[in-house]
S.K.: 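First the structure, then my questions, so here it is.
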There are 2 protein chains.
Amino acid sequence: MRATISDVARAAGVSIKTVSRVLNKERYVGAATRERVEAAMTALNFSPSLAARTLAGSRSFQIALIYDNHSPFYIHQIQEGVWARCRQEGVRMLAQPVDVASPTLAREVGGLIDETRVDGIVLSSPVTDAAPVLAELERRGIPFVRISPGTNHALTSSVFMDDAQAADDMTTHLVNLGHRRIGFVIGHPNHMASDQRLFGYRRALDRAGIAYEPELVRPGLFDFASGAAAAEALLALPAPPTAIFASNDDMAAGVLAVAHDRGIPVPARLSVAGFDDTELARAVWPPLTTIRQPTRDLAYTAASLLFEKSDGVEHRRLQHDLMTRGSTARPAG
Amino acid sequence: MRATISDVARAAGVSIKTVSRVLNKERYVGAATRERVEAAMTALNFSPSLAARTLAGSRSFQIALIYDNHSPFYIHQIQEGVWARCRQEGVRMLAQPVDVASPTLAREVGGLIDETRVDGIVLSSPVTDAAPVLAELERRGIPFVRISPGTNHALTSSVFMDDAQAADDMTTHLVNLGHRRIGFVIGHPNHMASDQRLFGYRRALDRAGIAYEPELVRPGLFDFASGAAAAEALLALPAPPTAIFASNDDMAAGVLAVAHDRGIPVPARLSVAGFDDTELARAVWPPLTTIRQPTRDLAYTAASLLFEKSDGVEHRRLQHDLMTRGSTARPAG
DNA sequence: GCGAATTCAGACACCGCTGTCAGACGGTGA
DNA sequence: TCACCGTCTGACAGCGGTGTCTGAATTCGC
């Protein structure tokens, strides 16, 4: 049967409180005692009941990762990162997909906290910018860290990259190749990063002395279909762009598909650039020039911030990289 | 402050136990009493402590989903399916990535069960066939369901599709198009489904009276790179195949990339087929002809089996579909 | 109209740990 | 020598619910 803490105590000839001390690495346990207890624990194959620890103590050894569904690749990396850090800490991760548009979201999150008593929360974009949720978390005073938030940077701890600079870098890359008419596909309007990326695109154009043309900029939803639709529109223009920069890889894949369909060789006649460097970027052809977003590391760092529990608000900026692959080249002619 | 069950009891003018009865939908609670209690619960915004319920009762309101990392798309759909069913049941899902090759895996899983007291477990391939894990679960008598297991079908409840038939269908599709030299890329050796798919391929060839040629069959690991490597080898053959059937979409994407690199038009000169119908199948160009595997439904059904807790072992086979898209066509000439 | 079955509600122990407090012990400074 | 401190360990009371048992009120069969 399952071993309990009192079984261990009996086997080691100490009180259950002493076993508890060893379990929690508290001070004031003699070396000899500790060893006896540890031996008993392994001998009995003891795993403490999380439920009992949560109920009796002030920690639950669980944190929650809250996200809304967008790219599976992105979510996968986020989960990976948070989970890896949790594992080091001996803490469980509760993955909680939500609908950021749900009117009851704040209450759901509140219920989650009450039920599970999680020790902290990692928020992934776009839940990072859902005001009711932030207010609820604030009200309860539960520690939380946001990954790539778009608003109120100062308020809470967060990890992020410089989306504007990254988009600027990519646009500059295209400009340096010789492109002058560069199409842009905006990201999902729910995500604040979308604005940042658009801003970076415009800033780079501006610096290069290229006039901003609204017709070259199309809305998107971070998915394949919207990328394809945007490409259709851009390529139907009287003076179509020689390069298209999509705000994520999924949409860039959509752009690629449209180009292939129309027999437009990439990159010879059309350069295509993405953003994120998900696995998709290397699975399409030609492989996408894209911005490597350190997604996994962002998530890992977010979890770290939670565990380090420095009292104050802390921010960490992580570096991005421009990954030059086969989908971009000098314009024809 | 957080409301407890005794707050609710006081507010409703009943005993704690009666509130507990309402919470658990037990019998023998008067309609009027139930309403008073429910009103008090919403008024106080009461969420019961999972830790306390777990400790005192015989359920934990949690199940675990155990998987080893392979395609992010696949995992994403599996999580989605299990999670959707859990939500209906008011049960939390603990996502637990593991390394199926780890020698301590069974112990880890045992520890997970002891710590969390999960009510049941969903196993996803290839953990479905890790003998030590199965033995551990069996020993503890904890309910579990396997998704697409490869072995010991009779032993435990499972949901699956007919991988052999699906591969047979795809191969037959290619044969019917007129292909005679059909390359095949095997899946990851850890996954039992890989054998089944190879078997289906051979069976279809056999029925069509086409001799099996070992040189047309290459090993793979379910990832892009191994698909590309297999394609390189196949296309370097003195008599290269006119079609390549890869055991999943990721590898098929690798095949496509090699074809593009070599300037071999798809599907005009080479047909390419995948397996799974992940989002990737529609993100590449041309979109992949593939087998739609009802991954999300498999996961959903697996969770259902867990909750329905019919005493006996139960199996559910789900249907697959042949999705004909742009990557396959009649061979040239 | 009366005993028995059924419906309803509460008392109480306890699930397996942690927090608090108090006690024992040996070493230290005055 | 004594008071005092740091170190080590145990007793004990909960944490917030559920399972079991017991008892009262109601319905039912004949």
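Heavy-atom basis, side chains included; hydrogens, waters and symmetry copies ignored. Reminder, nothing fancy here: chain letters follow the sequence lines and each chain counts from 1. Bear in mind the structure is a predicted one, so any value in this text is a computation, not a measurement.
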S.K.: Side-chain N or O of B/Thr18 versus OP1/OP2 of C/dG10: is the shortest distance under 4.0 Å?
M.R.: yes

S.K.: Mapping B/Ala31 and B/Ala52 onto DNA chain C by nearest heavy atom, which one lands closer to the 5' end?
M.R.: B/Ala31

S.K.: Tell me, yes or no, whether the heavy-atom count around B/Arg140 atom CZ, taken from other residues, nucleotides or ligands under 6.0 Å, exceeds 12.
M.R.: yes

S.K.: What is the distance from CD of B/Glu26 to P of C/dT7, rounded to the nearest Å?
M.R.: 15 Å

S.K.: Could you check if a side-chain atom of A/Asp7 sits within less than 4.5 angstrom of a side-chain atom of A/Phe46, using non-hydrogen atoms only?
M.R.: no

S.K.: Return the nearest nucleotide to the side chain of B/Val29; candidates are C/dA9, D/dC15, C/dT18.
M.R.: C/dA9

S.K.: Would you mind telling me which of D/dT18, C/dA9, D/dA11 lies closest to the side-chain atoms of B/Arg21?
M.R.: C/dA9

S.K.: Roughly, in whole Å, what's the span from CZ in B/Arg27 to C1' in C/dT6?
M.R.: 9 Å

S.K.: Return no unless some side-chain N or O of A/Ser20 is found under 4.0 Å from OP1 or OP2 of C/dT18.
M.R.: yes

S.K.: Expressed in angstrom and rounded to an integer, what is the separation of B/Lys17 atom NZ from D/dG16 atom C1'?
M.R.: 13 Å

S.K.: So A/Thr54, base contact, sugar-phosphate only, or nothing? Heavy-atom distance under 4.0 Å.
M.R.: nothing

S.K.: Could you give the CG-to-P distance, from A/Leu50 to C/dC15, as a whole number of Å?
M.R.: 19 Å

S.K.: State which of D/dG10, D/dT18, D/dC8 makes the closest approach to the side chain of B/Leu23.
M.R.: D/dT18

S.K.: Calculate the interatomic distance between A/Arg10 atom CZ and C/dG16 atom P; express it in whole Å.
M.R.: 12 Å

S.K.: Rounded to whole Å, please give me the gap between CG in B/Leu44 and P in D/dG16.
M.R.: 14 Å

S.K.: Give a yes or no on whether B/Arg107 atom CZ has more than 12 heavy-atom contacts from other residues, nucleotides or ligands under 6.0 Å away.
M.R.: no

S.K.: Would A/Val22 and A/Val14 satisfy side chain to side chain contact (heavy atoms under 4.5 Å, CB included), going step by step from the backbone distance to the final call?
M.R.: CA-CA 11 Å; A/Val22 173; A/Val14 298; over 6 Å; no

S.K.: Rounded to whole angstrom units, what separation is found between the CD atom of B/Glu115 and the P atom of C/dG16?
M.R.: 15 Å

S.K.: Consider only side-chain N and O atoms of B/Glu308 and B/Ser304, and report whether a donor and an acceptor are under 3.5 Å apart.
M.R.: no

S.K.: Report which part of the nucleic acid B/Val19 touches: base, sugar-phosphate, or nothing (heavy-atom distance under 4.0 Å, all strands).
M.R.: nothing

S.K.: C/dG16 C1' sits how many Å from B/Arg117 CZ, rounded?
M.R.: 8 Å

S.K.: Output yes when at least one side-chain N/O atom of A/Ser49 is less than 4.0 Å from OP1 or OP2 of C/dG16, else no.
M.R.: no

S.K.: Side chain of A/Asn24 only, please: which of D/dG19, D/dT9, C/dT18 is the nearest?
M.R.: C/dT18

S.K.: Between D/dT18, D/dA11, C/dT18, which one does the side chain of B/Ile5 approach most closely?
M.R.: D/dT18

S.K.: Would you indicate which nucleotide in C/dC17, C/dC21, C/dG16 comes nearest to any side-chain atom of A/Pro48?
M.R.: C/dC17

S.K.: For a quick check of understanding: with a heavy-atom distance under 4.0 Å over all strands, which category does B/Ser58 fall into, base, sugar-phosphate or nothing?
M.R.: sugar-phosphate

S.K.: When you get a sec, tell me which of D/dC8, D/dG16, C/dA9 is the closest nucleotide to the side chain of A/Tyr28?
M.R.: D/dC8

S.K.: Could you tell me whether B/Arg53 sits above the aromatic face of B/Phe61, with NZ or CZ closer than 6.0 angstrom to the six-membered ring centre and within 45 degrees of the axis?
M.R.: yes

S.K.: Give one of base, sugar-phosphate or nothing for A/Arg59, where a contact means two heavy atoms less than 4.0 Å apart.
M.R.: nothing

S.K.: Is the distance from OP1 or OP2 of C/dA11 to the nearest side-chain N or O of B/Ser15 less than 4.0 Å?
M.R.: no

S.K.: Let's see if you can work this out: which of D/dG14, D/dG16, D/dG10 has an atom nearest to the side-chain heavy atoms of B/Leu55?
M.R.: D/dG16

